[in-house]
Amino acid sequence: MRIYVTHPSIPKFQEYCEEIKEIWKSYWLTNMGAKHRLFQKQLEEYLKVPHVSLYTNGHLALENIIAAMNFTHGSEVITTPFTFASTTHAIVRNGLVPIFCDINDHDYTIDANKIESLINDRTCAIIPVHVYGNICDDVAIEAIARRHGLKVIYDAAHAFGVTVNSESVANMGDASMFSFHATKVFNTIEGGAVCFKDDKLVQVLNDLKNFGIRGPEECAYIGGNAKMNEFQAAMGICNLRHLHDEIAKRKKVVEHYRARLSNIKGIKLCEEQKGVVSNYAYFPIVFDGYKYSRNETFDLLKQHDIIARKYFYPLTNSFACYKYYPTAGAEKTPVACHISERVLTLPLYADLAIEDVDRICDIVLS
Ligand SMILES: *Cc1c(COP(=O)(O)O)cnc(C)c1O
């Protein structure tokens, strides 16, 4: 049977049916119904944050929180190209200019030492990415942001449920975006959320995700439509019950990968970060001086019906759609360029059998 890089976690069919029963009674399908309100409250408790705003997907959550900050058109945002298309697109689609900062070569998050030289009087924000669930150097980023009066919005799409020194990552910076896409550690089929501290943003975000409509006769903003519906919220309520067990199962898979692939010459694994309790979202390995290249290993796995991902390749700053963009160009971020040509994320999900992990490792090491 084909093994994909991921496989969604879903509750028992009966459990989901129970959860959506009330929707048949209420006829309330979307627009902040009972499931939406309950799920939002559960997330505020689980993530230990003052405010959560729910979205139909993670990308629109990110677009909306950027829009809510009301930056001057054409302002610059410091971010990294070693991410999913969504991060860079969310900046550009808001009329802002992405300035690509390089990543560091141990956890592939933004290199905080390289941020300050990119700041000028047009800079308005930093949008770092907790890539693979590895947590950015938030202390350094916070200090830089304070010195220069910048907002910090984390793309935390990979970091749901992660804690650092027992603190929820969702409290870092001014805001954090999570994705609940089917392929993520925790899903609501499609879905996403923004966590934030500023009370004033509650109303703005609620307006922005519903066409800017504030009341029956008032339209306050030029908003789009980004609301999470009741069926998504119900899926989230079910999946949240099992998240702890799902992460524990992922941990077992990762431990087995580590046992098999550590200390192999030319294969580099991410080190576990100090004080961080991981969600085991991804298992990236970097081929640097190994007997086979990343691409050769990818092809070999594919011949065995095992679908790994070149995640993240290409870099967003070398996308065709940014070809004529003045700040683009992979050569400006050499570390990100080096890693993206050598990294492969191996299949990882809660129900991945240990025998299959062994089979994958046998092929990689053959
Ligand atoms: C998945 C993902 C997103 C977008 O989330 P969606 O819910 O798919 O819209 C954004 N950033 C990163 C890093 C992601 O992996």
Side-chain angles (χ1 to χ4, degrees), residues 4-9 39 43 52-67 77-94 98 100-101 103 107-110 125-136 152-162 169-170 172-173 175-195 205 208-209 224-229 231-233 235-236 239 250 270 278-284 308-317 319 336 339-340 343 345 348-349:
Y4 288 99
V5 71
T6 188
H7 173 95
S9 296
F39 181 47
L43 286 184
V52 168
S53 192
L54 298 175
Y55 287 86
T56 192
N57 59 55
H59 176 77
L60 286 173
L62 187 58
E63 269 198 30
N64 276 244
I65 184 65
I66 298 171
V77 176
I78 297 171
T79 187
T80 74
F82 191 70
T83 183
F84 187 52
S86 170
T87 323
T88 307
H89 288 354
I91 295 166
V92 177
R93 288 167 61 86
N94 268 292
F100 296 101
C101 183
I103 57 172
D107 60 19
Y108 318 132
T109 64
I110 194 165
I126 308 171
I127 303 191
V129 184
H130 297 311
V131 68
Y132 306 130
N134 292 341
I135 304 308
C136 300
V152 181
I153 303 168
Y154 284 99
D155 180 334
H158 295 180
F160 188 78
V162 177
V169 288
M172 289 178 179
S176 293
M177 175 278 279
F178 294 98
S179 164
F180 306 147
H181 185 258
T183 56
K184 302 297 199 302
V185 169
F186 171 76
N187 84 80
T188 62
I189 310 168
E190 294 247 18
V194 172
C195 301
L205 288 170
L208 277 176
K209 70 174 148 189
N225 182 1
K227 303 183 298 290
M228 175 178 278
N229 68 48
F231 291 84
Q232 293 173 290
M235 189 65 145
N239 278 337
R250 284 174 169 272
C270 283
S278 178
N279 62 359
Y280 304 95
Y282 297 89
F283 195 74
R309 283 277 308 266
K310 299 175 189 178
Y311 206 47
F312 292 101
Y313 173 86
L315 297 175
T316 67
N317 59 358
F319 281 2
I339 300 299
S340 87
V343 71
T345 54
L348 169 57
Y349 43 89

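Keep in mind it's a predicted model, so treat the numbers as computed, not measured. Side-chain atoms are counted along with the backbone in the values below, which use heavy atoms only and exclude waters and symmetry mates. Numbering of ligands and ligand atoms starts at 1, following listing order. Along the sequence shown, the residues carry numbers beginning at 1.
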**Q** Give the residue and atom name of whichever protein heavy atom lies nearest to atom 4 (C) of ligand 1, and the separation in Å to one decimal.
**A** S86 OG, 3.7 Å

**Q** Report yes if some N/O of F180 lies less than 3.5 Å from some N/O of ligand 1; otherwise report no.
**A** no

**Q** Does ligand 1 have a heavy atom under 4.0 Å from the side chain of M177, from its backbone, from both, or from neither?
**A** side chain

**Q** Can a non-hydrogen atom of A61 be found less than 4.0 Å from any atom of ligand 1?
**A** no

**Q** Holding to side chain to side chain contact (heavy atoms under 4.5 Å, CB included), I want the full list of residues that pass it with S176, two or more places apart in sequence or in another chain.
**A** Y154, A156, F178

**Q** In terms of atom number and element, which parts of ligand 1 are under 4.0 angstrom from non-hydrogen atoms of T83?
**A** 13 (C)

**Q** Do the side-chain N and O atoms of K227 and N229 include a donor-acceptor pair separated by under 3.5 angstrom?
**A** no

**Q** Classify the ring geometry of Y282 against Y311: parallel below 30°, tilted from 30° to 60°, perpendicular beyond 60°.
**A** tilted

**Q** How far is atom 3 (C) of ligand 1 from the closest protein heavy atom, and which atom is that?
**A** F84 CD2, 3.7 Å

**Q** With sequence neighbours excluded, what pairs up with H130 under the side chain to side chain donor-acceptor pair (under 3.5 Å) test?
**A** none

**Q** In the structure I gave you, are the side-chain heavy atoms of Y132 and V343 within less than 4.5 Å of one another anywhere?
**A** yes

**Q** Do the side chain of D155 and the main chain of I127 share a donor and acceptor less than 3.5 angstrom apart?
**A** no

**Q** Do any nitrogen or oxygen atoms of H158 come within less than 3.5 Å of a nitrogen or oxygen of ligand 1?
**A** yes

**Q** Specify the protein heavy atom at minimum distance from atom 5 (O) of ligand 1: its residue, its atom name, and the distance to 0.1 Å.
**A** S179 OG, 3.2 Å

**Q** Would you say F231 has more than 12 foreign heavy atoms packed within less than 6.0 Å of its CZ?
**A** yes

**Q** State which residue, out of T83, T316, N317, fulfils the side-chain hydrogen bond (donor to acceptor under 3.5 Å, both in side chains) condition with T88.
**A** T316

**Q** Nearest to atom 9 (O) of ligand 1, what protein heavy atom do you find, and at what distance?
**A** H59 N, 2.8 Å

**Q** Can you tell which part of Y311 has a heavy atom less than 4.0 Å from ligand 1: side chain, backbone, both or neither?
**A** side chain

**Q** Can you tell me which residue and heavy atom of the protein come closest to atom 11 (N) of ligand 1, and the distance to 0.1 Å?
**A** D155 OD2, 2.7 Å

**Q** Is the distance between the ring centroids of F160 and F180 under 6.0 Å?
**A** yes

**Q** Can you pull out the closest protein heavy atom to atom 1 (C) of ligand 1? Residue, atom name and distance to 0.1 Å, please.
**A** K184 NZ, 1.7 Å

**Q** Can you list the atoms of ligand 1 that are under 4.0 Å from a heavy atom of G191?
**A** 7 (O)

